[in-house]
Amino acid sequence: MKPNEVLSTLERLILQGKYDKALASIEELENTVDLSGEDRVRSWIVRLQIKIQKGEYEEAYLLTEKYLILNAQFNNPLLTLDILFQRSHILLLLGKAADSFQILVDCEGIIENLESNSPAVKKRKAHLFFRKGQHFVNENKLSESLKYIQKSITIAEEIDNKREKAFSQFILASILWLQGELDNAIEIYHQVIAIAEQFHAKYYIANCLVNIGEIHYWKGNYDDALGYYRKALIHYEFVDGEHSVGFVATLFLMITVLINNNALEDAKSHLNRMLQLEKESNNRMISQYSQLAKGLILKQSPRIKEKVKAQELLKNLLADENLFFELKVTAMLSYCETLIEELKLYGAPEVLYQIKSLMAELHENAHKEQNPLLMVQSLLLQAKLLLVEGNLQETEKLLLQAKEKATEIGLTQLENEITREIQNFHDEINKWTVLMKQASLIERLEEVQIKEYIQDAQKIIHSHR
């Protein structure tokens, strides 16, 4: 088999999640064949892709520095672009979004000086627009992102590059999901799956299946959500086995749905499986997932002592500075629920203060992580707590702030929902004036239905997968 054919095979192995096999093959190729300059650079890019998929970001970044220097002798701008794209992606994964985007700007400058009608150049241009679209989604500039993603899809279709089209469609589905166009998002995810199946790209198929399951969870279709999660588990297991984060994270999602569907025995069965995987693994994230799942199930117990255990477990998790963001938010919201139950039992004002502090911290974390939906939901939660206290002026202020944020990022459906919330607030001002005089703290807490808002926030955190 010629080096070019071997490299194409290796790229397919990466899509299929067979990283170790791909790495062994690339090392054999580099050691036994005198590769041309172009094929050698392609082998470097394959190695970078493997490092990225395995989460070895710092090492991959250092390799890009080495490869850019070595590639300079070949004077091939297309291969330079391919390395720079990998470098930009690594920086994004390392949380250095500004540096990542600057590389994309540099790439655009290189492309502008190349033959615009060349299929090879068009492929890089499609990939550039995909990367820029991905960047703007992470920046929560959905309109800007959509512009680039649509350009990428148009070019990919023009040159019949299914892989580039699938990458961009995955981002498109995420945008539609954030904008509340759930059915359209599901349709696009299915289109991505159809392309991914042609390449046997099980990891990408699994990601799409999980996201479709999450959308069904949003819609309250719990059985459908569980069905898609089960399909995703099969693909994750094929790629990385049961001890992969993707596999365990999907088990966790199944547990959350089963809890909401009052299927606690099934949830406990999945928890036992997670706890066993935790024992067999030294992966910190797997441990965090399993311990959080344990806390969520303990929280459902009718026994006070079990609820106390849940509260303590969640509190300990939140003390972990290395707790993964998605898990941290879920732990915060779940801990908040235990405090609300405590507040309803005893009506202690200091517990309400603790809940308010927790929700302020949630908003701060959402802002830091640039999760606009969670920012809006945390503002709504804080507004509800202020309403319970009878602080009507500050309640309206936060509601207007939430609406402004939804408008800013182009979430029209959410903006309309908040507008109705504001109108409802104005209609009930007199009622709340009376409640502050006649109703207890516990009665006022029941009136705002805060648990429903917490559940909405718990669903929102999964939309940035």
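Position 1 is the first residue of the sequence, and the numbers go up from there.
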As an exercise, state the distance from [atom1] of [X] to [atom2] of [Y], rounded to the nearest 0.5 Å.
X	Y	atom1	atom2	value
Leu271	Lys268	CG	NZ	9.5 Å
Leu400	Phe425	CG	CZ	9.0 Å
Ile175	Leu178	CD1	CG	8.0 Å

Set of residues satisfying side chain to side chain contact (heavy atoms under 4.5 Å, CB included) with respect to [X], sequence neighbours excluded:
X	result
Leu182	Trp177, Ile215, Trp218, Lys219
His367	Met375
Glu158	Lys122
Lys51	Glu56, Glu59, Ala60, Leu63

For [X] and [Y], which heavy atoms make the closest approach, and how far apart are they?
X	Y	result
Met285	Leu327	O-CD1, 4.4 Å
Ala267	Ile259	CB-CG1, 4.3 Å
Ser168	Ile153	CB-CG1, 3.6 Å
Met359	Cys336	CE-SG, 3.7 Å
Ala156	Lys165	CB-N, 3.6 Å
Trp432	Leu392	CB-CD2, 4.2 Å

Legend entry - NZ/Lys294: more than 12 non-hydrogen atoms of other groups inside 6.0 Å: no
Inset, instruction - Count the heavy atoms of every other residue, nucleotide or ligand shown that sit under 6.0 Å from CD of Glu350, and state whether that count exceeds 12. - result: yes
Inset, instruction - Give every residue pair that meets the salt bridge (charged side-chain N to carboxylate O under 4.0 Å, His left out) criterion with at least one member in residues 420-431, sequence neighbours excluded. - result: Lys384-Glu421, Glu428-Lys431, Lys431-Glu447
Inset, instruction - Scan residues 388-402 for pairs that pass salt bridge (charged side-chain N to carboxylate O under 4.0 Å, His left out), counting only residues two or more places apart or in two chains. - result: Lys356-Glu389
Which pairs of donor and acceptor atoms, one on a side chain in residues 313-325, lie under 3.5 Å apart (sequence neighbours left out)?
unit_1: Asn316; atom_1: ND2; unit_2: Glu312; atom_2: O; d: 3.3
unit_1: Asp320; atom_1: OD1; unit_2: Asn322; atom_2: N; d: 2.9
unit_1: Asp320; atom_1: OD2; unit_2: Gln288; atom_2: NE2; d: 3.2

Would you confirm whether [X], through its side chain, and [Y], through its main-chain N or O, come within 3.5 Å as a donor-acceptor pair?
X	Y	result
Glu443	Ser440	yes
Asn261	Ala263	no
Thr338	Tyr335	yes
Thr395	Asn391	yes
Arg131	Leu104	no
Lys403	Glu415	no
Thr433	Ile429	yes
Asn262	Leu258	no

So [Y] and [X], do their side chains get closer than 4.5 Å, heavy atoms only?
X	Y	result
Asn207	Phe170	yes
Leu91	Tyr57	no
Leu381	Leu362	yes
Lys132	Ile149	no
Cys107	Phe85	yes
Leu414	Gln179	no
Glu197	Ile193	yes
Leu339	Leu343	no

Inset, instruction - Could you go through the side-chain contact (heavy atoms from CB on, under 4.5 Å) check for His216 and Ile212 one step at a time? - result: CA-CA 6 Å; His216 280 292; Ile212 294 171; 3.7 Å; yes
Inset, instruction - Starting from the C-alpha separation in whole Å, work towards a yes-or-no answer on salt bridge (Lys or Arg N to Asp or Glu O under 4.0 Å) for Lys147 and Glu144. - result: CA-CA 5 Å; Lys147 178 178 70 175; Glu144 191 76 3; 3.3 Å; yes
Can you give me every donor-acceptor pair (side chain of residues 222-230, partner residue at least two apart or in another chain, under 3.5 Å) with its distance?
unit_1: Tyr228; atom_1: OH; unit_2: His190; atom_2: NE2; d: 3.4
unit_1: Tyr229; atom_1: OH; unit_2: Glu214; atom_2: OE1; d: 2.1

Inset, instruction - Check the pair Ser152 / His127 against side-chain contact (heavy atoms from CB on, under 4.5 Å), numbers first and verdict last. - result: CA-CA 7 Å; Ser152 178; His127 194 75; over 6 Å; no
Inset, instruction - Enumerate the residue pairs fulfilling side chain to side chain donor-acceptor pair (under 3.5 Å) with a member in residues 86-105, sequence neighbours excluded, ordered by first and then second residue. - result: Tyr61-Arg87, Thr64-Arg87, Ser88-Ser100, Gln102-Asp106
Inset, instruction - Determine which pairs satisfy side chain to side chain donor-acceptor pair (under 3.5 Å) with at least one residue from residues 269-278, sequence neighbours left out, and list them in order. - result: Glu242-Arg273, Gln276-Glu280, Glu278-Ser287, Glu278-Ser290, Glu278-Gln291
Legend entry - Ring centre gap for Phe136 and Phe101 strictly below 6.0 Å: yes
Legend entry - Aromatic centroids of Phe238 and Tyr203 separated by under 6.0 Å: no
Legend entry - Partners meeting side chain to side chain donor-acceptor pair (under 3.5 Å) with Ser145 (sequence neighbours left out): none
Inset, instruction - Using the test side chain to side chain donor-acceptor pair (under 3.5 Å), find all partners of Lys141 that sit at least two apart in sequence or belong to another chain. - result: none
Inset, instruction - Flag the pair Lys309 and Glu306 as a salt bridge only when some basic side-chain nitrogen lies within less than 4.0 angstrom of an acidic carboxylate oxygen. - result: yes
Legend entry - Lys/Arg-Asp/Glu bridge criterion (N-O < 4.0 Å) met for Glu164, Lys123: no
Legend entry - Residues Ile90, Leu94; criterion side-chain contact (heavy atoms from CB on, under 4.5 Å); working and verdict: CA-CA 6 Å; Ile90 294 164; Leu94 287 171; 3.9 Å; yes
Inset, instruction - Please report the C-alpha distance between Glu337 and Leu333 in whole Å, then the side-chain angles of each, then the deciding distance to 0.1 Å, and finally whether the side-chain contact (heavy atoms from CB on, under 4.5 Å) criterion is met. - result: CA-CA 6 Å; Glu337 284 184 312; Leu333 292 167; 5.9 Å; no
Inset, instruction - Find out whether the Lys NZ or Arg CZ of Lys151 is both under 6.0 angstrom from the six-membered ring centre of Tyr148 and within 45° of the ring's axis. - result: yes
